[in-house]
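Note on naming: letters A, B, ... go to the chains in the order of the sequence lines (proteins, then strands), and numbering restarts at 1 for each one.
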Amino acid sequence: MIQMIIKRMVSALAMLTVLSMIAFVLIQLPPGDYADAYAGKKSQGGAVMTAEQIEEIRDKLGLNEPLYIQYINWASDFVQGDFGYSWEYHRPVIDVVAERMPVTLTLVFMTLVFTYFIAVPMGIYCALRQYSIGDHAISLLGYIGLAIPNFMFALILLYLSSVFWGTSAGGLFSPVMQDAPWSWEKFKDMMAHIWVPVVVLGTAGTAFQIRTMRATLLDELNKMYVTAARATGMDERKVIMKYPVRMALNPVVSTLGWELTNIISGAPIVGVVMSLPDMGPLFLNSLLNQDMYLAGALVMVYCILVILGTLISDLLLMLLDPRIRMGAMKA
Amino acid sequence: MSSTQTPQTHVMTTADASAVAAPPAAGSADTSANTSSASNTNSISNTGGLSNTSRLSNPNNSVKPEGQVRRYDLASHWQLMWWKFRKHKMAMTGLIILALMLVSSLLAEFLSPYDPLKRNSRYAEGAPMGIHFFDEAGDFHLRPFVYARSLKRDPVTLKRSAVVDTSKRWPIHFFVKGQKYTMLGLIESDIHLFGVVNEKGKASKKAFIHLLGTDELGRDMFSRILHSSRVSLSVGFIGVSVAFVLGMLLGGAAGYLGGWVDEAIMRMVEFIRAVPTLPLWLALAAALPREWSALQVYIAITFLLAIIGWTHLARRVRGRLLSLREEDFVMAARLAGCSHSRIIARHMLPSFMSYLIVDLTISFPYIIMAETSLSFLGLGLREPIISWGVLLNSAQNIQTLAQMPWLLLPGAVVVIAVLAFNFVGDGLRDAADPYTR
Amino acid sequence: MNQNELLRVEELHISLQMDKGSLPVVNGISFGLKKGQILALVGESGCGKSVTSLSLMRLLGKGLEISGGQILFRHPESGDVTDIAALGSNDKAMRKLRGDQIAMIFQEPMSSFSPLHTIGEQIMEVVRLHRKVSKLDARKRAIELLDKVGIADPAQAVDRYPHEFSGGQRQRAMIARALACDPSVLVADEPTTALDVTIQAQILKLLKDLQQEMGMAIIFITHDLGLVAQMADEVAIMYMGNVVEHGATRAIFKQPQHPYTKRLLQAIPRLGVIQDKLQSIEGSVPNLFERPVGCAFNTRCTEQQRDACQQRLPALRAIEPLGLVAQQGTAAVVSNDVGVVNSSDVIHSVACHLIHTEAVA
């Protein structure tokens with residue numbers, strides 16, 4: 001088992017390395033480099049830099065080195081927490097990201113909790129009451145949930161809230177709390193607002209997980225071991241909860257990493273539409289303004305979140321299923 | 001369980017078989033099935049056409065005379081799939097909706113009253129115009145009409161805006177002459193399906209019809225949606241085709257060659273699947289050179305999106321090939337001296353083609369949604385190439401949205417298209433699975 | 001219900017409920033089971049034997065329902081008689097019988113255990129469900145049971161997961177689980193079909209040994225008449241939801257009466273007998289929608305048929321030598337005083353128009 005965990009960690013590291021290369025290439029893609037951008041900013045301030053001065057900066061920053069040396073420099077800086085400098089915000093990238101990260105993490109975590117807390121009971125209900133009205137209603141809602149793009153859903157909610165309540169469902173805080181320092185009150189305020197983006201972000205995933213839970217549970221209910229368990233004289237309810245439900249949870253849990261990837265994928269766009277103070281608007285702005293150090297860093301942060309999340313969900317699955325734990329089955 | 005369920009499954013298959021055989025009663029081939037005369041050259045029996053009750057009451061029917069075959073015994077895999085698919089009501093509805101969408105997007109120039117880029121300065125930010133049969137006075141008019149709009153200056157803001165003038169009617173005429181267009185690069189014409197004439201019954205620039213309103217520049221939303229459907233659907237089709245080719249080639253190579261090729265390709269698949277796609281796509285799309293033309297961006301974005309689709313397909317192809325490699329019929333083909341490419345193309349592929357098509361149908365909505373999201377954020381397609389996402393881009397802020405909620409209509413089209421694709425995908429999946437009823 | 005009978009199935013009807021109505025699967029069968037007796041239910045797949053066995057425990061799958069008849073069970077200690085057919089499938093009274101008095105082993109040992117729990121947990125669970133014992137005692141009992149069914153190193157095996165067991169071991173564990181509470185009736189639904197032939201023999205021997213040691217009655221369900229000869233005291237041959245022949249094993253093998261039984265027996269390959277080819281029964285079982293009118297076997301019967309064969313379903317009646325004309329369903333046993341079965345006591349009865357020539361009023 002320890003061997004498997006180590007193996008998983010090594011592959012996660014390898015993935016991060018490849019991703020960091022992609023992020024680095026992304027940073028390099030737009031025309032002009034750091035020195036040009038620096039000169040551009042300076043000239044906006046009125047100070048014109050000569051070509052020699054720019055060249056000097058290049059030398060100093062190592063921008064004349066071959067690309068792979070530059071990559072190694074960037075990567076080693078990144079590992080040490082130096083993500084570069086953001087021209088848009090006139091601050092080190094790490095500061096900008098650190099400010100926004102907690103909100104994104106809260107949002108993603110809450111969405112994940114929401115998804116499974118809704119999906120598992122509903123999936124069980126649908127499987128046990130197959131073809132009932134409730135089952136049909138839930139599956140219809142699920143179809144719609146899967147078909148609405150996140151940003152559309154957000155727009156509709158925004159529109160409805162402004163039409164019916166005259167308030168904006170965007171943002172995470174009431175105006176009073178907007179600039180207040182973090183406190184218990186502010187946290188409560190955030191919790192009162194966060195459910196809207198959570199629902200937006202989580203609906204598609206919930207719909208998908210309900211389907212998965214329903215389908216696998218229906219499958220499991222027909223298995224021999226369920227009849228065998230009934231034959232012991234156990235109460236029907238207990239039979240179902242203890243065996244097939246427990247079995248059906250495995251595929252659901254195994255999609256945890258994938259679900260997390262989806263949620264993190266969707267987070268930026270929901271953040272943008274609902275103007276949340278999370279990494280989403282930051283990311284879009286950095287892309288539109290080609291603030292590439294910030295953009296690259298954010299891509300990396302998103303990827304790290306996903307890879308960490310997947311790793312955790314894999315470990316969780318190992319705990320849940322003895323067959324995987326013992327390596328009898330390939331994960 | 002299998003033994004305890006035997007009677008049950010047994011019944012299911014027969015119930016299924018008779019149900020499958022029953023629908024053709026309306027089909028074209030049933031003439032041969034129902035007129036089982038002796039002269040009938042094919043040996044299709046009439047059991048399929050008979051109801052259960054008559055079969056129950058007739059003991060001789062249970063004995064199948066030598067050589068008699070039921071319709072579903074002879075049907076090809078695709079025929080069986082189609083029969084099963086037709087029973088899936090939601091899937092059929094989806095299919096019809098998609099067909100309508102496709103046709104209307106192909107005929108967009110003819111169906112839409114205006115060019116999608118033409119601005120109507122008299123009706124910018126205009127609300128959808130309702131079609132009426134009854135006028136204010138309650139009189140019925142055989143020819144439907146819209147009420148006239150006239151420009152009024154707001155006394156406070158001094159802004160000119162269009163107001164409904166119920167005293168004047170603009171009747172709707174069909175096959176009217178309008179702007180010249182070239183449809184699909186072939187047909188030149190200036191006939192549009194419908195249009196309005198002014199209150200005096202003459203064609204006039206001052207009379208207009210905007211069924212779904214106009215955007216902030218006065219462009220007709222109805223025409224724009226029709227034209228954008230073509231782009232959005234084409235992104236889907238091209239994206240899916242590219243994904244299909246990639247998936248087949250890479251998945252096929254991995255599954256048939258095995259070894260390090262397999263290892264490398266599967267690593268790549270795993271990698272792509274474990275990456276947060278949208279942020280990466282956004283970043284890649286943002287990295288496209290600014291000076292590219294709208295068409296170049298369109299092609300680039302389509303290919304970018306295809307990269308989402310192929311991994312799933314590649315896995316499927318590889319998995320099937322791996323298991324098929326061990327099958328007897330493949331061994332038989334190999335012993336018969338078939339070449340590798342022939343074995344793959346003639347023997348292995350057809351055996352799981354239906355699954356691939358299901359997978360493709362399912363990946364369609366993903367690509368469409370991804371394109372819509374990218375364009376919505378302003379990182380995807382650009383004007384003058386318009387897609388659903390490009391249209392929605394103008395509905396980004398809540399102020400415009402509150403004033404012009406009809407700008408969200410393209411979103412409704414997206415939802416309907418995705419729903420339809422999902423329904424069709426579900427129907428196909430059920431139909432392709434030989435174990436569902 | 002006879003005094004020394006544990007279980008009496010009387011005119012049992014089971015049908016499949018569908019949208020368009022219901023379809024009979026089991027058509028009014030009757031049999032009795034005495035203490036310590038092994039009764040075999042034999043037939044091709046789809047004849048209703050498995051459904052019958054599941055109905056004894058009220059474990060019928062979706063859509064299947066008992067639509068008539070009785071399943072009487074006599075509690076061996078108290079002597080109380082319960083009609084299982086009248087209980088709800090999740091009733092407390094039914095659950096008390098299940099696993100405790102009537103236990104079952106299934107066809108597929110591979111899937112009969114939950115893969116997520118250890119074998120020990122799943123055996124202990126049954127013990128603790130019916131007996132007030134501590135966890136530790138239950139565990140001791142589980143180890144003891146595993147030892148009894150011949151699993152090596154039971155103290156270790158008790159903590160293993162099903163996937164660590166071989167097919168044969170799993171079936172042994174399944175038997176251990178079924179015997180956890182010393183049931184008086186064990187229903188074995190094709191317990192060896194999914195196993196290799198050598199392991200098949202071991203499991204059968206184990207079952208027979210355990211039966212002699214613990215004295216429970218077994219209902220043994222199989223399609224393999226070859227196994228019946230070794231195992232059963234009494235045989236009921238089923239065809240399309242009816243018992244077509246019923247009698248002592250020896251009688252059935254020596255003097256099969258029903259054409260179907262005869263064909264089944266001919267189909268058993270014999271050692272030392274040179275056969276040109278394996279005998280088989282022509283045709284296949286008609287599906288349930290196409291139940292023939294008259295005798296269900298008339299579509300495959302090779303004998304010279306009478307008119308009655310096409311018209312009426314023959315009743316199960318005792319055959320001539322005994323001179324007794326039993327009514328359908330009561331063709332069981334005129335008992336002697338003790339509950340030990342003497343195979344010659346069993347009335348040999350058959351349902352065939354060719355044997356019972358005279359029409360019944």
Side-chain angles (χ1 to χ4, degrees), chain A residues 11-12 14-15 18-19 22-23 25-26 29-31 143-144 146-152 155-156 158-159 161-163 168-170 222-224 226-227 257-258 260-269 272-273 275 283-284 286-288 290 292 295-296 298-299 301-303 305-307 310, chain B residues 1-5 90 94 267-268 270-271 273-291 365-366 368-374 376-379 388-389 392 395-399 401-402 405 407-408 410-412 414-423 426:
Chain A
S11 82
M15 243 179 108
V18 179
L19 277 170
I22 295 179
V25 171
L26 275 178
L29 268 182
Y143 265 116
I144 296 172
L146 277 176
I148 299 188
N150 278 338
F151 73 88
M152 234 348 247
L155 281 176
I156 293 170
L158 284 179
Y159 175 69
S161 73
S162 81
V163 167
S168 170
N222 282 328
K223 294 233 170 110
M224 203 67 228
V226 182
T227 315
W258 178 84
L260 194 75
T261 313
N262 272 358
I263 293 176
I264 293 175
S265 253
I269 202 166
V272 169
V273 178
S275 45
F283 184 48
L284 184 71
S286 67
L287 287 176
L288 289 173
Q290 304 217 322
M292 290 323 284
L298 283 170
V299 167
V301 170
Y302 280 123
C303 292
L305 286 183
V306 161
I307 288 171
T310 319
Chain B
M1 195 75 192
S2 76
S3 118
T4 56
Q5 273 206 331
M90 301 276 251
R267 278 289 122 80
M268 195 153 77
E270 259 170 50
F271 177 77
R273 286 172 74 86
V275 156
T277 38
L278 198 66
L280 207 61
W281 269 217
L282 284 173
L284 287 173
L288 294 179
R290 293 285 156 103
E291 60 275 9
Y366 284 106
I368 287 182
M369 283 226 246
E371 184 275 320
T372 312
S373 301
L374 281 187
F376 168 76
L377 288 177
L379 288 169
W388 295 328
L392 284 168
Q396 245 192 45
N397 80 59
I398 184 69
Q399 278 78 27
L401 203 59
L407 290 185
L408 267 183
V414 176
V415 174
I416 292 172
V418 172
L419 267 180
F421 269 115
N422 285 343
F423 285 149
D426 276 10

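- In this structure, the side-chain hydrogen bond (donor to acceptor under 3.5 Å, both in side chains) partners of B:Asp426, at least two apart in sequence or on a different chain, are A:Tyr143, A:Arg211, B:Arg429.
- Using a 4.5 Å cut-off between heavy atoms, B:Ala412 touches chain A through its backbone atoms (N, CA, C, O) alone.
- Scored by the side-chain hydrogen bond (donor to acceptor under 3.5 Å, both in side chains) test, B:Ser373 finds no partners at all (sequence neighbours excluded).
- For A:Leu284, the part lying under 4.5 angstrom from a heavy atom of chain B is the side chain only.
- Of all non-hydrogen atoms in B:Val418 and A:Ala147, the two that sit nearest each other are CG1-CA, 3.5 Å.
- Interface remark: A:Leu305 contributes no atoms to any contact with chain B (heavy atom separation under 4.5 Å).
- Ranked by heavy-atom pairs under 4.5 Å with chain A, the list B:Pro405, B:Pro365, B:Ala395 is led by B:Pro405.
- Proximity to chain A is limited to the side chain of B:Leu392, based on heavy atoms less than 4.5 angstrom apart.
- A distance of 12.5 Å separates CD1 in A:Ile264 from CG in B:Leu278, rounded to the nearest 0.5 Å.
- Heavy atoms closer than 4.5 Å to chain B are found in both the backbone and the side chain of A:Pro149.
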Inset, instruction - Please step through side-chain contact (heavy atoms from CB on, under 4.5 Å) for the pair A:Leu155 and B:Phe376, ending with a clear verdict. - result: CA-CA 11 Å; A:Leu155 281 176; B:Phe376 168 76; 3.8 Å; yes
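- Using a 4.5 Å heavy-atom threshold, the side chains of B:Leu408 and A:Met152 count as touching.
- For chain A, no part of B:Ile368 is nearby; none of its heavy atoms comes within less than 4.5 Å.
- In terms of non-hydrogen atom pairs under 4.5 Å with chain B, the most contact-rich of A:Ile22, A:Thr310, A:Ile148, A:Val306 is A:Val306.
- Looking at A:Val299 and B:Pro276, their side chains never come closer than 4.5 Å, going by heavy atoms from C-beta outward.
- Between A:Phe151 and B:Thr372, the closest side-chain pair of non-hydrogen atoms falls below 4.5 Å.
- Interface summary for chain B: among A:Leu298, A:Leu288, A:Asn262, the most heavy-atom pairs under 4.5 angstrom belong to A:Leu288.
- In this structure, the portions of B:Phe271 lying under 4.5 Å from any heavy atom of chain A include both its backbone and its side chain.
- Of the atoms belonging to B:Pro279, heavy atoms from both backbone and side chain fall under 4.5 Å from chain A.
- Proximity to chain A (any heavy atom under 4.5 Å) is shown, for B:Leu401, by both the backbone and the side chain.
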